[in-house]
2 protein chains.
Amino acid sequence: MILNHMVELQTPHLDAVFHALSDPTRRAMLHRLTIGEHSVSDLATPFRMSLAGASKHIKVLESAGLVRRRIEGRTHLCQLEAARLAEAQQWLSTYEKFWSARLDDLEAILREEDASIAGKPATPPLSNKVGE
Amino acid sequence: MILNHMVELQTPHLDAVFHALSDPTRRAMLHRLTIGEHSVSDLATPFRMSLAGASKHIKVLESAGLVRRRIEGRTHLCQLEAARLAEAQQWLSTYEKFWSARLDDLEAILREEDASIAGKPATPPLSNKVGE
DNA sequence: AAAACATTTAACCGAATGGTTGACCATTTT
DNA sequence: AAAATGGTCAACCATTCGGTTAAATGTTTT
């Protein structure tokens with residue numbers, strides 16, 4: 001309903017959003033913003049990077065529509081703006097059936113392996129588990 | 001369970017995955033692969049681009065783990081490999097509450113507007129709807 | 001064996017990316 | 001008024017990106 005109305009077919013944003021998300025610094029900044037507003041230098045401190053560098057990252061996030069900036073005196077407060085993330089997730093959701101299909105396959109395989117092991121009591125139990 | 005086991009904490013992939021998704025050509029290729037395997041030149045044809053160019057895009061998808069290649073004679077068959085998309089979606093899911101929160105806000109606002117309109121029968125009904 | 005086909009590789013190009021430093025502009029503090 | 005603070009802007013740099021063309025590699029067809 002509301003989601004379809006807002007999101008569908010506006011894929012131009014996706015370029016910018018996915019690009020913004022492709023950098024670990026920016027993802028970390030977004031994560032940081034989940035616990036509330038932060039100033040630019042606040043966001044910058046965790047990273048070994050000049051303030052100007054961090055500022056650039058924030059601008060990338062901003063122009064991807066993932067962050068909103070509110071200027072208060074000399075400090076710029078940044079706020080998470082998650083709507084565009086919803087667009088990204090919606091794009092990804094198209095592919096859900098494909099990975100769930102493969103997970104189903106995987107589960108079937110595991111079940112089969114288990115059955116096979118159960119059916120071969122002669123097989124000596126290994127000290128190491130398979131998945132390691 | 002299985003998802004957590006496979007996905008959690010391996011964010012290094014995310015750089016590559018999100019970067020791969022940031023290009024519309026590559027997203028279109030992925031979309032194309034949802035209807036089955038395709039050869040490289042097959043994937044390339046829809047785009048105004050040299051084969052070598054398309055080949056590069058496919059390699060980006062491949063090294064992001066989104067496409068698997070199976071060589072059969074002289075043709076390379078590409079197949080969608082969606083598991084890494086699941087990782088991306090899982091990363092995004094952390095932020096779901098934020099956009100749903102905002103959507104709730106929006107809905108609340110809309111409800112309030114409706115109520116406001118309902119409460120002002122003197123307001124002349126407009127010929128154009130708001131959302132246009 | 002030669003020709004056609006499917007694809008990659010290599011070399012190149014201009015533009016964008018991620019980073020730096022240094023100068024600049026407001027605002028707040030002293 | 002001066003100094004300190006919070007931030008941007010501009011210029012620069014090396015690297016990556018998205019694209020090209022031309023040559024090379026391997027397979028299939030003739």
Side-chain angles (χ1 to χ4, degrees), chain A residues 11-33 36-81 84 88, chain B residues 11-33 36-81:
Chain A
T11 55
H13 296 324
L14 286 180
D15 291 26
V17 169
F18 281 132
H19 170 248
L21 297 184
S22 74
D23 183 278
T25 301
R26 288 190 294 259
R27 287 200 305 277
M29 285 174 164
L30 283 184
H31 186 72
R32 194 101 178 289
L33 288 175
E37 266 187 348
H38 284 283
S39 73
V40 168
S41 42
D42 221 14
L43 280 175
T45 15
F47 308 101
R48 294 221 252 74
M49 192 185 303
S50 67
L51 182 62
S55 173
K56 274 189 179 180
H57 279 297
I58 293 172
K59 218 173 318 179
V60 170
L61 289 168
E62 204 180 0
S63 63
L66 297 176
V67 157
R68 231 176 11 184
R69 185 189 305 245
R70 183 170 59 90
I71 298 176
E72 194 146 295
R74 65 183 163 181
T75 89
H76 296 205
L77 283 318
C78 297
Q79 197 179 347
L80 181 61
E81 177 72 40
R84 294 277 166 82
Chain B
T11 55
H13 297 324
L14 286 180
D15 290 27
V17 169
F18 281 132
H19 170 247
L21 296 183
S22 74
D23 183 278
T25 301
R26 290 191 293 258
R27 287 200 304 277
M29 284 175 165
L30 283 184
H31 185 73
R32 194 99 177 290
L33 289 174
E37 266 187 347
H38 285 282
S39 73
V40 168
S41 42
D42 221 15
L43 279 175
T45 14
F47 308 101
R48 294 221 251 75
M49 191 185 302
S50 69
L51 183 61
S55 174
K56 273 189 178 181
H57 279 298
I58 293 171
K59 218 174 318 179
V60 171
L61 290 168
E62 205 181 1
S63 62
L66 297 176
V67 156
R68 230 176 12 184
R69 186 188 304 245
R70 182 170 58 89
I71 298 177
E72 194 146 294
R74 65 183 163 181
T75 91
H76 296 206
L77 282 319
C78 297
Q79 196 178 348
L80 180 62
E81 177 72 43

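Proteins come first, then strands; the chains are lettered A, B, ... in the order of their sequence lines, and each starts at number 1.
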For B:L77 and C:dT8, give me the distance from atom CG to atom P, rounded to whole Å. 12 Å
For atom CG of A:L51 and atom C1' of C:dG22, their distance in whole Å: 13 Å
Consider the side chain of A:R69, meaning its heavy atoms from C-beta on, and name the nucleotide among D:dG7, D:dC9, C:dG18 that approaches it most closely. D:dG7
Would you call A:L66 and A:E81 a side-chain contact if the rule is heavy atoms closer than 4.5 Å? no
Show your reasoning for whether side chain to side chain contact (heavy atoms under 4.5 Å, CB included) applies to A:L21 and B:L14. CA-CA 8 Å; A:L21 297 184; B:L14 286 180; over 6 Å; no
Rounded to whole angstrom units, what separation is found between the CD1 atom of A:I71 and the P atom of D:dG7? 10 Å
State whether A:R26 places a side-chain N or O below 4.0 Å from either non-bridging phosphate oxygen (OP1 or OP2) of C:dG18. yes
Interatomic distance, A:H57 NE2 vs D:dG7 P [rounded to whole Å]: 16 Å
When every non-hydrogen atom of A:A28 is compared with those of A:F47, the smallest separation belongs to CB-CZ, 3.7 Å
Using heavy atoms to find the nearest nucleotide of DNA chain C for A:E72 and A:D23 separately, return the residue whose nucleotide is more 5′. A:D23
Phosphate oxygens OP1/OP2 of D:dC9: is one of them under 4.0 Å from a side-chain N or O of A:K56? no
Given atom CG of B:L61 and atom C1' of D:dG18, what is their separation to the nearest angstrom? 13 Å
Tell me: NE2 of B:H38 to P of C:dT7, nearest whole Å? 13 Å
Round to a whole Å and report the spacing from CG of B:D15 to C1' of D:dC17. 16 Å
Quick check on C:dT8: is either OP1 or OP2 less than 4.0 Å from any side-chain nitrogen or oxygen of B:S55? yes
Please state whether the phosphate of C:dG19, meaning OP1 or OP2, lies under 4.0 angstrom from any side-chain nitrogen or oxygen of A:R48. no
B:A52 side-chain proximity, nearest of D:dC9, C:dT9, C:dA6: C:dT9
Categorize B:S50 for me: base, sugar-phosphate, or nothing, with a 4.0 angstrom heavy-atom threshold over every strand shown. base
B:T45 and B:D42 have their tightest heavy-atom pair at OG1-O, 2.7 Å
When you measure from the side-chain N and O atoms of A:K59 to the phosphate of D:dC9, is any distance below 4.0 Å, counting only OP1 and OP2? yes
State whether B:H76 places a side-chain N or O below 4.0 Å from either non-bridging phosphate oxygen (OP1 or OP2) of C:dT8. yes
How long is the line joining CZ of B:R74 and C1' of D:dA24, in whole Å? 16 Å
Of all heavy-atom pairs between A:A64 and A:V17, which one has the smallest distance, and what is that distance? O-CG2, 3.7 Å
So B:G53, base contact, sugar-phosphate only, or nothing? Heavy-atom distance under 4.0 Å. base
Under 4.0 Å, counting only non-hydrogen atoms across every strand here, what does B:S39 touch: a base, just sugar-phosphate, or nothing? sugar-phosphate
